[in-house]
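Here the structure comes first, spelled out in structure tokens, and everything after it is commentary.
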2 protein chains.
Amino acid sequence: MKTRAQHRATTAPSSAGDSAGNSPGAPAEAPGTRERIVRAASALMQRQGYDATAIKQISQEADATLGSVYHFFPGGKQELAVAAVHRGDEEFSGILREILDAEPDPVAALTALTDSLAEGLRDSDWADGCPVTATALGTAGRLPDIQRAAAAAFDRWQGLVREKLTASGVPGDEAADLACTVISTLEGAELAAQVTRDDRPLRLAGTHLARLVSLSLDR
Amino acid sequence: MKTRAQHRATTAPSSAGDSAGNSPGAPAEAPGTRERIVRAASALMQRQGYDATAIKQISQEADATLGSVYHFFPGGKQELAVAAVHRGDEEFSGILREILDAEPDPVAALTALTDSLAEGLRDSDWADGCPVTATALGTAGRLPDIQRAAAAAFDRWQGLVREKLTASGVPGDEAADLACTVISTLEGAELAAQVTRDDRPLRLAGTHLARLVSLSLDR
DNA sequence: GTCTATAACTCGATAGAC
DNA sequence: GTCTATCGAGTTATAGAC
């Protein structure tokens with residue numbers, strides 16, 4: 001199974017309207033400056049949150065200068081954070097789609113999902129949680145642009161789970177409701193695992209979510 | 001039902017080893033300086049997180065001077081954050097205990113709990129989420145003291161739910177596992193509700209958690 | 001597009017009078 | 001215990017050469 005870091009490394013560089021990116025077709029080309037900046041911003045804000053991440057640190061991690069950052073993101077730190085949240089959205093959506101597609105049984109897919117999240121957390125020594133939570137939480141009531149981007153991400157992840165459930169025979173309304181709780185529980189369990197430095201919340205979330213979805217399946 | 005702000009205002013001032021607090025017995029006495037500082041720190045970090053909250057802002061909100069803050073917390077911002085997390089722990093434990101004790105049926109108690117959390121979020125215009133999440137998340141891998149305090153809080157909340165479940169007839173191991181997922185889901189649903197500015201995640205978490213607990217009860 | 005220099009500001013923390 | 005003044009470091013953001 002692919003870890004999250006591996007997934008980030010293998011994500012196509014031109015997937016987010018990259019104006020200075022590489023032309024499509026050439027395999028494994030080096031990413032452009034803008035792409036490196038977005039990646040660094042997303043990774044750092046995922047671990048430290050919005051306020052603890054300095055633009056200077058982002059530029060260093062991305063091997064770019066401060067001037068380049070403000071060239072690509074004239075809106076400053078806020079605009080950069082919105083791009084980072086969008087990147088996190090795509091990253092997590094990729095993992096979600098990948099695992100949901102690989103496992104036909106929705107119940108087994110849920111436990112595979114929690115296993116994958118637990119693996120990513122352990123591999124990063126409990127540093128890399130959800131790619132958007134840390135950024136969104138500290139800015140929720142303060143910076144509406146970032147809050148909106150995070151809300152859109154949550155909606156998209158919910159939609160992916162809902163599609164899987166309806167495709168498995170769960171009626172429309174119930175699938176949407178269940179998908180919402182699945183995302184909530186995944187978020188909360190990953191948060192709890194990160195704070196307690198123990199994958200137990202994620203493991204239990206997997207078994208309990210499986211039990212819950214089975215109820216809507218067997219009828 | 002009491003809202004969270006009301007709960008904070010009516011919490012006894014001398015509940016956390018308050019060395020400069022009021023003597024017990026006198027009703028509704030004005031809180032001391034140290035108490036006001038802890039309250040302000042807890043409230044501000046709950047909304048903004050650790051890094052976005054300046055000590056100067058805390059001192060202003062608490063009607064204290066910067067010198068007073070460093071007098072009571074010579075360990076600086078970090079020590080202050082640990083005290084704020086402890087206060088958030090006690091605050092949330094109080095709400096938990098109150099609702100769990102008032103409702104004998106554990107299934108009904110869970111929906112009452114999500115209703116209460118939704119009410120607190122709506123009343124604060126989606127600003128006041130979990131009292132420790134925002135503080136813990138941004139500092140998890142960086143400041144071990146704060147991370148430990150947050151982990152202890154999660155454990156305590158889990159213990160309260162577990163006691164309620166075992167008292168209702170759920171076998172020991174299963175009660176502990178269920179309690180873990182209950183806390184995870186509550187945390188995640190509150191987070192999702194805050195980010196999306198919609199209480200739907202909390203409402204659905206209530207009905208789905210009720211369904212899940214019923215499974216372990218009817219046998 | 002990339003780089004350096006710096007302006008303007010805020011941060012945590014300390015010193016010392018009272 | 002409370003207050004004011006301040007230090008040094010770090011912050012976002014901008015200006016302008018190349």
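Lettering of chains follows the sequences in order, A, B, ..., and the numbering in each one begins at 1.
Regarding contacts with the backbone of C:dT2, a side-chain N or O of A:T33 is found under 4.0 angstrom from either OP1 or OP2. Phosphate contact (OP1/OP2 of C:dT2, side-chain N/O of A:S68, threshold under 4.0 Å): present. For the OP1/OP2 pair of C:dT2 and a distance below 4.0 Å, the side-chain nitrogens and oxygens of A:T65 include no atom meeting the criterion.
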Atom pairs under 3.5 Å, N or O on each side, protein against nucleotides 8-12 of chain D: can you list them with distances?
| unit_1 | atom_1 | unit_2 | atom_2 | d |
| --- | --- | --- | --- | --- |
| D:dT12 | OP1 | A:I55 | N | 3.4 |
| D:dT12 | OP1 | A:K77 | NZ | 3.1 |
| D:dT12 | OP2 | A:I55 | N | 3.2 |

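The closest side-chain donor-acceptor pair between A:D199 and A:W126, if any, does not fall under 3.5 angstrom.
Not one N or O on the side chain of B:H71 forms a donor-acceptor pair closer than 3.5 Å with the backbone of B:G67. Judged by distance alone, with hydrogens and angles left aside, the side-chain atoms of B:S116 form no donor-acceptor pair with the main-chain N or O of B:A112 at under 3.5 Å.
Here A:Y50 pairs with nothing under the ring-ring contact (aromatic ring centres under 6.0 Å, His included) rule; sequence neighbours left out.
The separation between B:H71 atom NE2 and C:dA15 atom P is 16 Å, rounded to whole Å. In this structure, A:E79 atom CD and D:dA13 atom P are separated by 11 Å, rounded to whole Å. One interatomic measurement links the two molecules: CD1 of A:I37 to C1' of C:dG1, which rounds to 11 Å at whole-angstrom precision. Separating the CG atom of A:D63 from the C1' atom of C:dT2 is a distance of 13 Å, rounded to the nearest angstrom. One interatomic measurement links the two molecules: CD of B:Q60 to P of D:dC3, which rounds to 13 Å at whole-angstrom precision. In this structure, A:R36 places its CZ atom 12 Å from C1' of C:dG1, rounding to the nearest Å.
A:H208 places a side-chain heavy atom less than 4.5 Å from the side chain of B:D177.
Comment: B:E35 engages B:R39 in a salt bridge, judged by a side-chain N to carboxylate O separation of less than 4.0 angstrom.
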